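We name chains A, B, ... by the order of the sequence lines, and we start the count at 1 in each one. Being a predicted model, the structure only gives us computed values, none of them experimental.
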There are 2 protein chains.
Amino acid sequence: MANIKQIAKMAGVSISTVSRVLNDHPYVREEKRQAVLDAIEQIQYTRNMNAVNLIKGTTGNIAIMLPFINHAYFSQLIEGAANEALKSGFHLMLCQTNYSEVEETKVLEMLKLRQIDGTIIASKSLPLEQIEPYTQYGPIVACENTSDSSVSSVYLDHDRCFRKALQLLTDKGHNRIGFCVGRSDGNSTVIRRRAYMEHMELIRQPVQEQWMFHDCYTIEDGAGVFHKLTAMSERPTAMLVTGDQAAAGLLMEARSAGVRVPEELAIIGFDNQPIAKVMQLTTIDNHLFEMGTTAFSMLHDRIAVVNKEPEHRALAFEIIERDTV
Amino acid sequence: MANIKQIAKMAGVSISTVSRVLNDHPYVREEKRQAVLDAIEQIQYTRNMNAVNLIKGTTGNIAIMLPFINHAYFSQLIEGAANEALKSGFHLMLCQTNYSEVEETKVLEMLKLRQIDGTIIASKSLPLEQIEPYTQYGPIVACENTSDSSVSSVYLDHDRCFRKALQLLTDKGHNRIGFCVGRSDGNSTVIRRRAYMEHMELIRQPVQEQWMFHDCYTIEDGAGVFHKLTAMSERPTAMLVTGDQAAAGLLMEARSAGVRVPEELAIIGFDNQPIAKVMQLTTIDNHLFEMGTTAFSMLHDRIAVVNKEPEHRALAFEIIERDTV
DNA sequence: TTGAAAGCGCTAACAG
DNA sequence: CTGTTAGCGCTTTCAA
């Protein structure tokens, strides 16, 4: 395929001149520029970006690390990041890890291999200490609180968020409260669990282990929770469900089983997804799209300005009250 | 950062030897190999992939072109492709286009710029003639029928699929049938519309323009359709909805408005997504995940074997009968 | 304004 | 088995 040398020959100039017009440098006489442009047009020349990348040491690619894709939470996040990336002319590499530490490390290694200029960590299982060393190879922005780390972050304050939701439930007269979360060992789960424990203590309610559900991601998972609930002798009257998909599944089953919502069972979802609106589900809007855009722009800033201080930004959230509380 | 030369010096060998151990070539005496490995370990060396890419002319990256990400249809497709890509050690670049021809062209140009080794087109608006020329720069696999083109494809036979669904509706006694699709000018819409027209003629029913809805993607879009339907004096008794999200929205509103499903309104969705199962929605499983995996493996084959014949593969589909028909 | 030349870091003949 | 050498295609001093 055509290269810069051929263009130079065709246009009767040196390769430096070709490079100059390619890069919009000043100081190229108009007629030479035209000659180069003509030659480029004629043989349909395009730069070999690998050569450019080699010499520049950058690629214009960034990675986004996530466990799986087919989930509304990550889709929204990705969409936000992708939108911003598109605007800045960056390419987004999707790195699915299934929470495997080996795969997560591979993503980080890409930074060292100079295949990407930076990475967004949407969710991970690797401990932070194993991630930090990689910041010397390129900026990293995580979508969870990593304060005091060289890894920047944009996150939801799970503690405040959970407490506020619990308080709302209590205000509405619910004391028998349960919750559903994702990974049982995830960073956010630890925080939420603690917030929950403290709230229960505050309102002087015993804690029921069986009211805490893990691995709730999909509509079906939510539906499953309802059936587990009905099998219990002691049931909660309110559920906090992190993820509208799961919350919707729970709500759907509850309604079709004739349970009165919110009187017999109040539900608060998370993420403010379309399904929540249609089902009139009370939910917490945690600005996932904005999380994606912010993550990208923080990353972008750090790609542009080397050694920029790490930054940690908490996102606002709000409770959208609808019919399930 | 460290390069191959320094390793060579440290290990007391030539750069070729270093390259050989890096590439697992035979013919390297064990003690030299060990010396190289030690040096690599010592200064935490990793290859600069841009140099490798330059010389090899490949990147190990492929692109997936799609209009938007945050939609179950594409999420499933992406997940399939990403899964396969992961297995083969390829990286997936997410290229969101919003159906803009400019953006779509940019994705194709990446092939020329040697930023990717091939591309999957999940959905596009660019005419095929403008895509074909790019196959000289790398393989392209589209997720829609492109028979007789240099662009390979893996697709759903929309015609057969629509007819079969329409027939089911008719068999169940529904003659007043409407449908919802995505883009009004999309390739699949043309096919579906024709299948619909012919079916209506077959069963000697007049065609009602107002029963054909476009741009139905989300749950909310589906809910909106129900309200338009109720505002009509002449209403269909069955709807074919391409996309379970939209179908679910329609179904949800219908049920909560007290419409008897399927007697007064039968609904068939598409994609067999989790929401369909939970809502007991009859739907068509069109194997989207498989479409993604197949698209990738077809692409992969063509990256490995240059000038392999284009291939066109139709995927099977099946109707999952539940409670809405 | 322009061109020559020195790399960027690596691979792969080729000749030992 | 191993090293020398010639590039891959491009950018960027430096000198003219």
Colleague: Relative to each other, are the rings of A/His71 and A/Phe68 parallel, tilted or perpendicular (30° and 60° limits)?
Modeller: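 Geometry flag for A/Phe68 against A/His71: tilted rings.
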
Colleague: Classify B/Val13 by what it touches in the nucleic acid, base, sugar-phosphate, or nothing, heavy-atom distance under 4.0 Å.
Modeller: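 The answer is sugar-phosphate, as B/Val13 gets under 4.0 Å only of primed atoms, P, OP1 or OP2.
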
Colleague: Specify the residue among B/Pro26 and A/Leu22 whose closest nucleotide of DNA chain D lies further upstream toward the 5′ end.
Modeller: B/Pro26

Colleague: When the distance from CG of A/Asn23 to C1' of D/dT13 is rounded to whole Å, what number comes out?
Modeller: 15 Å

Colleague: Can you list the residues that meet the salt bridge (charged side-chain N to carboxylate O under 4.0 Å, His left out) rule with B/Arg183, with sequence neighbours excluded?
Modeller: none

Colleague: Check every nucleotide of DNA chain C for an atom under 4.0 Å from a heavy-atom of chain B, then give the first and the last such nucleotide from 5' to 3'.
Modeller: C/dG9 to C/dA13

Colleague: Looking only at heavy atoms, which two atoms of B/Asp24 and B/Arg33 are closest? And how far apart?
Modeller: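 B/Asp24 and B/Arg33 have their closest heavy atoms at CA-NH2, 4.5 Å.
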
Colleague: Does B/Arg20 make a side-chain donor-acceptor contact with the base of D/dG3, cut-off 3.5 Å?
Modeller: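 Present.
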
Colleague: Between B/Tyr27 (OH) and D/dG3 (P), how many Å, whole number?
Modeller: 17 Å

Colleague: With a 4.5 Å heavy-atom cut-off, do A/Asn286 and A/Leu315 have their side chains touching?
Modeller: no

Colleague: Check whether any side-chain heavy atom of A/Phe74 sits under 4.5 Å from a side-chain heavy atom of A/Pro67, and report yes or no.
Modeller: yes

Colleague: How close or far is atom P of D/dT5 from atom CD1 of B/Ile4, stated in whole angstroms?
Modeller: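 Distance, rounded to whole Å: 16 Å.
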
Colleague: Taking the side chain as everything from C-beta on, heavy atoms only, tell me whether A/Glu79 gets closer than 4.5 Å to B/Gln96.
Modeller: yes

Colleague: Using whole Å, report how far CD1 of A/Ile15 lies from C1' of D/dC8.
Modeller: 13 Å

Colleague: With respect to the side chain of B/Lys32, which nucleotide from D/dT2, D/dC14, D/dT5 is positioned closest?
Modeller: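 For B/Lys32, the side-chain atoms sit closest to D/dT2.
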
Colleague: Is there any ring-ring contact (aromatic ring centres under 6.0 Å, His included) pair reaching into residues 120-155 of chain A, and which pairs are they, with sequence neighbours excluded?
Modeller: none

Colleague: For B/Asp301, what residues pass the salt bridge (charged side-chain N to carboxylate O under 4.0 Å, His left out) criterion, not counting sequence neighbours?
Modeller: none

Colleague: Answer yes or no: are there more than 12 heavy-atom neighbours, outside B/Gln136 itself, under 6.0 Å from its atom CD?
Modeller: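 Correct, the count exceeds 12.
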
Colleague: Return the residues of residues 45-63 of chain B meeting this criterion: a heavy atom under 4.0 Å from some atom of DNA chain D. Order them by number, or give none.
Modeller: B/Leu54, B/Ile55

Colleague: Nearest to the side chain of B/Arg29, which nucleotide is it out of D/dT11, D/dC14, D/dT2?
Modeller: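 Nearest to the side chain of B/Arg29 among the choices is D/dT2.
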
Colleague: Would you state whether a donor and an acceptor, one from the side chain of A/Ser19 and one from the base of D/dT12, lie under 3.5 Å apart?
Modeller: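 Answer no: no donor N or O sits under 3.5 Å from an acceptor.
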
Colleague: How close do B/Met65 and B/Glu104 get, counting heavy atoms only, and between which atoms?
Modeller: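 Nearest heavy atoms, B/Met65 then B/Glu104: CE-O, 3.6 Å.
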
Colleague: Expressed in angstrom and rounded to an integer, what is the separation of B/Lys112 atom NZ from D/dG9 atom C1'?
Modeller: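 About 16 Å, once rounded to whole Å.
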
Colleague: Flag the pair A/Ser19 / A/Asn23 as yes when at least one side-chain heavy-atom distance between them is below 4.5 Å, and no otherwise.
Modeller: yes

Colleague: Counting the atoms with a prime plus P, OP1 and OP2 as sugar-phosphate, which does A/Lys5 contact under 4.0 Å by heavy atoms, base, sugar-phosphate, or nothing?
Modeller: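 The answer is nothing, as A/Lys5 stays clear of every strand by at least 4.0 Å.
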
Colleague: Looking at every strand, decide which applies to B/Thr17 at a 4.0 Å heavy-atom threshold: base, sugar-phosphate, or nothing.
Modeller: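 Touches sugar-phosphate only.
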
Colleague: Please examine the side chains of A/Tyr45 and A/Leu22, heavy atoms only from C-beta on, and report whether any two atoms are closer than 4.5 Å.
Modeller: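 Of all side-chain heavy-atom pairs linking A/Tyr45 with A/Leu22, at least one is under 4.5 Å.
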
Colleague: Specify the angle, to 10°, made by the local axes at the two ends of the helix from C/dT1-D/dA16 to C/dG16-D/dC1 when five pairs are taken at each end.
Modeller: 40°

Colleague: Roughly, in whole Å, what's the span from CG in B/Asp24 to C1' in D/dC1?
Modeller: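 Rounding to the nearest Å, CG of B/Asp24 and C1' of D/dC1 are 16 Å apart.
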
